[in-house]
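Written below as structure tokens is the structure these notes are about.
Computed from a predicted model, the values in this text were never measured in an experiment. Residue numbering restarts at 1 for every chain, and letters A, B, ... go by the order of the sequence lines.
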Number of protein chains: 2
Amino acid sequence: MSDAPPPDADTDPDAVPPAPTGTRGALIRAGLHLFGKTGFAATSTRELAEAAGTNVASIAYHFGGKDGLRRACVEEVARRFQAVLGPDPAPLPDDLPAAAAQARLAFLTTAMIRFLLGRGDGEEVPAFLLREVLGEPALLDIVYDRVIAPRHADLCALWGRASGQDPDSPAVRLGVFAHLGQILYFRLGAAIVTRRMGWDGYGPAEIAAVEARILATLNAALSRGDPP
Amino acid sequence: MSDAPPPDADTDPDAVPPAPTGTRGALIRAGLHLFGKTGFAATSTRELAEAAGTNVASIAYHFGGKDGLRRACVEEVARRFQAVLGPDPAPLPDDLPAAAAQARLAFLTTAMIRFLLGRGDGEEVPAFLLREVLGEPALLDIVYDRVIAPRHADLCALWGRASGQDPDSPAVRLGVFAHLGQILYFRLGAAIVTRRMGWDGYGPAEIAAVEARILATLNAALSRGDPP
DNA sequence: TTGACTTGTTCAATCGTTTGATTGAATTTG
DNA sequence: CAAATTCAATCAAACGATTGAACAAGTCAA
């Protein structure tokens with residue numbers, strides 16, 4: 001009933017699975033777009049099929065049903081994050097200097113901003129993800145365990161090294177969350193930001209302006225460890 | 001057919017209208033909660049009526065239909081923001097010192113954090129609002145014009161005074177957005193944040209920790225104007 | 001104080017539409 | 001040809017909206 005896809009990508013943890021293709025891929029892309037834009041329940045299977053250029057029955061065939069497509073979209077989100085940030089990060093070398101840690105933080109920040117704000121795979125990821133976070137938290141586990149938690153830990157290690165703080169301290173963890181929150185807001189609140197800025201979407205110049213602003217705040221926050 | 005509520009609150013711009021009561025208020029509160037949690041289309045009128053302790057037909061009676069309830073929820077969001085931040089802000093006095101501007105920024109930041117993260121009216125506002133922003137942008141206009149734009153302008157004026165920059169410059173505007181983005185993220189991503197922090201929701205101690213972190217970043221960002 | 005009438009509100013029942021899922025035939029692919 | 005995939009047609013369930021009856025509170029004449 002739902003044994004079409006060959007599942008053997010979970011055994012190799014370091015490999016980033018390829019992007020889904022064909023009708024299956026088209027449906028996932030349509031789901032990611034429509035679920036994120038309108039919501040899961042608000043998107044009908046007929047809309048999904050039309051957006052993917054196929055028939056309604058394909059959803060049941062490939063994913064077992066509408067809910068299976070949702071699950072596949074969550075996994076696709078995880079895959080896209082892996083594709084941008086690389087496979088799971090290695091532990092930090094002990095002799096990494098603070099300046100190098102700060103530079104890598106800046107690099108990852110820039111990569112994230114360009115991924116989320118620019119045209120491409122990242123554009124519709126946060127909206128979809130947020131709907132999952134706000135609604136039923138069951139499916140969030142997949143993304144949290146496979147992407148968020150290890151990435152956040154990596155960023156905390158870098159942040160701690162760069163600022164001379166304990167990477168496991170609440171202050172560092174909150175600092176990383178607040179830092180990421182800025183980036184996500186520029187995507188989720190794009191409608192508000194671009195209107196207030198007088199922009200017509202995020203072009204290269206606009207992305208560069210956001211980058212400059214967030215990197216400046218990052219460096220300022222890192223230089224000042226907050227007093228106890 | 002839909003002339004039940006007495007509309008005469010728009011003429012007085014400085015007054016914060018009272019919170020809606022009775023069945024009408026219960027429906028708005030149910031809408032704010034369920035629309036934000038599950039989504040507009042995912043919430044049935046029967047669920048709304050049950051959550052509000054009334055009958056389905058009350059929705060059509062008070063709001064003309066499900067979409068009218070959505071519109072009423074948007075206006076309630078605007079009202080709640082006004083209730084916390086006060087009526088529309090006055091222009092900054094010319095002789096306001098930078099330190100005073102920075103102090104007021106910190107005060108408004110704290111008020112916002114407690115409003116959005118603590119228990120109460122603000123808790124479910126961002127989720128509902130974001131669903132509106134991501135979906136049909138038509139209803140966003142109400143909130144944008146009545147709340148976001150004037151508030152953002154006020155914050156930009158304070159930010160410019162505190163940091164010695166032009167309050168109308170893109171850098172300042174982006175700085176204010178990034179600053180607000182941090183706060184909103186702690187509400188929208190609460191499921192992720194609390195899990196990673198090992199917290200059980202946002203209690204007073206947790207809110208204080210978030211406050212400390214965001215205020216530290218704010219002060220750091222204000223002290224350092226970013227170089228051109 | 002009555003009783004009939006009005007107004008504002010809520011109720012159960014019902015309507016036509018749209019939903020996700022299913023089915024068996026048709027089509028493509030190897 | 002046979003397996004994999006897509007198609008048009010169809011189903012029961014759930015949807016938003018509507019309807020006319022029912023209820024509560026107030027008004028006014030007698």
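With values rounded to the nearest 0.5 angstrom, Trp159(A) atom CH2 is found 11.0 Å from Ser169(A) atom OG.
Taking atom CG of residue Leu48(A) and atom P of nucleotide dA21(C), one finds them 11 Å apart after rounding to whole Å. Separating the CD atom of Glu50(B) from the P atom of dC11(C) is a distance of 12 Å, rounded to the nearest angstrom. If you measure from atom CZ of Arg24(A) to atom P of dA4(D), you get 15 Å, rounded to the nearest angstrom. Distance, Arg70(A) CZ to dG20(C) C1': 14 Å, rounded to whole Å. Distance, Phe63(A) CZ to dA21(C) P: 13 Å, rounded to whole Å.
The six-membered or imidazole ring of Tyr202(B) lies away from that of Phe186(B), with a centre-to-centre distance of 6.0 Å or more.
Surrounding CD of Glu47(B) are more than 12 heavy atoms belonging to other residues, nucleotides or ligands, all under 6.0 Å away.
Note on His62(A): a side-chain N or O is less than 4.0 Å away from OP1 or OP2 of dT6(D). Dashed line: the shortest gap from a side-chain N or O of Asn55(A) to OP1 or OP2 of dA8(D) is under 4.0 Å. Applying the 4.0 Å criterion to OP1 and OP2 of dT5(D), one finds that Thr54(A) has every side-chain N and O outside that range.
Between the side chains of His62(A) and Thr23(A), no donor N or O sits under 3.5 Å from an acceptor N or O.
The stretch residues 120-152 of chain A participates, sequence neighbours left out, in these ring pair (Phe, Tyr, Trp, His ring centres under 6.0 Å) pairs: His152(A)-Phe177(A). Pairs passing the side-chain hydrogen bond (donor to acceptor under 3.5 Å, both in side chains) check and including a residue from residues 113-127 of chain B, sequence neighbours excluded, read His33(B)-Glu124(B), Arg114(B)-Glu211(B).
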Please tabulate, one pair per line, each protein N/O and nucleotide N/O from nucleotides 15-17 of chain D that are separated by under 3.5 Å, including the distance.
| unit_1 | atom_1 | unit_2 | atom_2 | d |
| --- | --- | --- | --- | --- |
| dG16(D) | OP1 | Thr43(B) | O | 3.3 |
| dG16(D) | OP1 | Lys66(B) | NZ | 2.7 |
| dG16(D) | OP2 | Thr45(B) | N | 2.7 |
| dG16(D) | OP2 | Thr45(B) | OG1 | 3.0 |
| dG16(D) | N7 | Arg46(B) | NH1 | 3.0 |
| dG16(D) | O6 | Arg46(B) | NH2 | 3.2 |
| dA17(D) | OP2 | Lys66(B) | N | 3.0 |

